[in-house]
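One structure follows; several queries about it will come next.
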Amino acid sequence: MASSCEEKIEPALPQQNPQQPIVAVEDVTSAKAGVLASDAVLNLESYNTPGAMVPVMKLEKADSLPEGATIGYKLEISPNEDFSRSVTLNTMDGEGENAGTYSVEASAWDDAHVKLFGKSPKEKTAYYRVPVYVNLDGSSYRLNGIDYYAATGTIKETCFDQGFVIEDNYYLLGDATTWDFAQATNFAFEHAADVSVYDDPVFKIKIEVTPEQAEKGSYWKIAPASSVETQNWDMLIGTETDGDESLTGHLVGPGKVQAGKLTQAGKYELTINMEAMTYNFELKLQPDVLYTPGDTNGWSQLGSAWLGLCTAKDKEGYYGVSPLSTNGFKICADTKWDNSTDYGAKSTDPALSGDLVLGQSGQNINCGENGLYWIKVSYDPKNYQMTKYELTKLNRVGVIGSFAASSWGSDVEMTSVDGGKIWTADITFKAGDEYKIRFNDGWDMNLGGNPDGLLYDQGNIKVETDGDYTVTLSLLGSLPKVTLTAK
């Protein structure tokens, strides 16, 4: 017999024999015990004695165990249903008449509670699940795979009496503020006035991280007022791991803690909840709206005309419409006066355009003549600041659309009500008609989109029902808003 020397011989695949489970799941029967079998709140303080144990599971049956094998449980608890943060606790089998009842050491459970929820005495809801293990010859084998749990659910719990205190004041230490206790009070978190910190445990602060700081990593910790007064570095609040770059997370301390880190330049608002012991950095790269407090609206940010953001290419900026007077107005990126978010002109001289100046040096913007104006504000995304303003005097406000009186050829003029703050027009619409608001008979200044918040150069507004309507355009106290009222 002959065969080709070029014939390729495929190697034989190795025989595979999956390992059989040490114990079949049906051979082990478990039941919730103690606190897991009750609807009562687990008050860990009632177990606050040395060596106290909290019963959680009962082994009811364990058949066909290999010689020398035992059953064990672990208790996983988490503040989240998805167990994205969790602590796993060991259990111990009881002795004598308590054999078969498995318990968790109370002090270990309390440590886990504080890690997950903080030291607040308020009741918390924890998610739990209980995996089962077969212990044999010094090794542990998970019963029925990683997705099997003998028990799952939620439990309400409170921790040991920790002497929990929420202080009246907290300060941000860090590269973007200061690491000097003597200067710490210059970087205080804000808290709602005349409200107890126990009723409202939320504090906020605004900071800015420069590109240079971000490149190196801008580290931060939180100093309670007591640590600043005593200059005690061992009583700060921070993150669990050093250099944690998470913008949202869990705080630990007071004590010897690690520092969090910011790696992106920009303006941030940091919110901390000292009852839940959580933090959240919101990167304020660009506000959605600007405010125009001035003489015609009582110098109120929220009561002023709001400018909406347009991100369309070659049209980037903020746009809106407002009645203005020669007594002036300012541009604000926040709802309250703040030198880090307020903008004015270089001088009080009348000018329909100009550079914006941040902070106290900015003067009231003077339009030069009382009236209704189209306002545009330019923005520099690299420096996170407003740069220029442009004002256009308006002599006509109109409604244009597919309705019979317009047919997209000309607009129906609106008339001024209440000093130019509100404008109206009477129009007959058919169901399905569309319309927009435009100014000075031109398309370069128009508003559309959502009737409850009109924006520059957005889509047409659709009419749902035939009828004679009064169209009302409101300019103050929000983004421009349009409503239809049946006559």
Side-chain angles (χ1 to χ4, degrees), residues 287-292 296-297 300 302-324 367 369-377 390-487:
D288 293 328
V289 298
L290 298 178
Y291 307 96
T292 59
T296 56
N297 53 61
S300 166
L302 290 175
S304 71
W306 301 6
L307 310 183
L309 175 62
C310 177
T311 57
K313 189 176 181 180
D314 300 326
K315 299 178 182 178
E316 296 93 338
Y318 294 86
Y319 299 84
V321 183
S322 180
L324 301 176
C367 60
E369 181 182 0
N370 295 352
L372 186 69
Y373 286 82
W374 178 264
I375 305 174
K376 176 186 177 183
V377 174
E390 297 177 33
L391 307 178
T392 303
K393 181 76 179 295
L394 300 177
N395 52 45
R396 183 181 177 94
V397 180
V399 183
I400 190 168
S402 60
F403 54 93
S406 171
S407 299
W408 294 112
S410 61
D411 57 40
V412 174
E413 186 172 6
M414 305 187 83
T415 57
S416 172
V417 179
D418 195 19
K421 301 173 185 177
I422 298 175
W423 297 74
T424 65
D426 293 334
I427 298 175
T428 298
F429 288 109
K430 295 291 185 183
D433 280 345
E434 297 181 348
Y435 69 95
K436 297 184 77 171
I437 307 295
R438 72 173 185 172
F439 306 90
N440 288 3
D441 278 325
W443 284 111
D444 55 336
M445 294 179 287
N446 73 86
L447 297 170
N450 185 346
D452 290 329
L454 300 174
L455 295 172
Y456 170 54
D457 210 27
Q458 294 298 296
N460 302 334
I461 305 164
K462 188 175 182 179
V463 178
E464 299 296 334
T465 307
D466 293 358
D468 296 329
Y469 293 91
T470 296
V471 183
T472 302
L473 174 66
S474 304
L475 298 179
L476 298 189
S478 67
L479 289 170
K481 186 181 299 185
V482 66
T483 56
L484 299 185
T485 304
K487 297 182 65 177

Could you tell me whether the side chain of N440 and the main chain of G442 form a donor-acceptor pair under 3.5 Å? no
Can you check side chain to side chain contact (heavy atoms under 4.5 Å, CB included) on V399 and I437, steps first, answer last? CA-CA 5 Å; V399 183; I437 307 295; 3.9 Å; yes
Residues, nucleotides or ligands: over 12 heavy atoms within 6.0 Å of D288 CG: no
So does G401 get a backbone contact from the side chain of S406, meaning a donor-acceptor N/O pair under 3.5 Å? yes
To the nearest 0.5 Å, atom NZ of K315 lies from atom NZ of K376 at 10.5 Å
Show the nearest heavy-atom pair for residues N297 and G303, with the distance to one decimal. CB-O, 3.7 Å
Parallel, tilted or perpendicular: rings of F429 and F403 (30°, 60°): perpendicular
With a 4.0 Å cut-off on N to O distance, would you call D433 and K462 a salt bridge? no
Looking at side-chain heavy atoms only, is the closest gap between V463 and Y435 below 4.5 Å? yes
So, Y456 versus Y318, ring centres under 6.0 angstrom or not? no
Which heavy atom in K421 sits nearest to a heavy atom in P323, and how many Å separate them? CG-CG, 4.1 Å
Are the side chain of S402 and the backbone N or O of E434 linked by a donor-acceptor pair below 3.5 Å? yes
Would R396 and D411 pass as an ion pair if we require N to O under 4.0 Å? yes
Going through the distances and angles, do T292 and L324 end up as a side chain to side chain contact (heavy atoms under 4.5 Å, CB included)? CA-CA 10 Å; T292 59; L324 301 176; 5.7 Å; no
Quick one: sort the Y291 and W306 rings into parallel, tilted or perpendicular, breaks at 30° and 60°. perpendicular
Heavy atoms of K393 and G371 approach each other most closely as CE-CA, 3.8 Å
Interatomic distance, CG@D441 vs CG@D444, rounded to 0.5 Å, equals 10.5 Å
Between R438 and L447, is there a side-chain heavy-atom distance shorter than 4.5 Å? no
Please report the closest heavy-atom contact between I400 and S410, naming both atoms and the distance. CG1-O, 3.8 Å
Expected list for residues 467-483: side-chain donor-acceptor pairs under 3.5 angstrom, two or more places apart:
{"residue": "D468", "atom": "OD1", "partner": "T428", "partner atom": "OG1", "Å": "2.6"}
{"residue": "Y469", "atom": "OH", "partner": "T465", "partner atom": "O", "Å": "2.8"}
{"residue": "T470", "atom": "OG1", "partner": "D426", "partner atom": "OD1", "Å": "2.9"}

Nearest 0.5 angstrom please: Y319 OH to I375 CD1, how far? 13.0 Å
Let me confirm one number: the CG-CG distance from L372 to L391, rounded to the nearest 0.5 Å. 11.5 Å
Can you see whether K436 engages N460 through a side-chain donor-acceptor pair at a distance of less than 3.5 angstrom? no
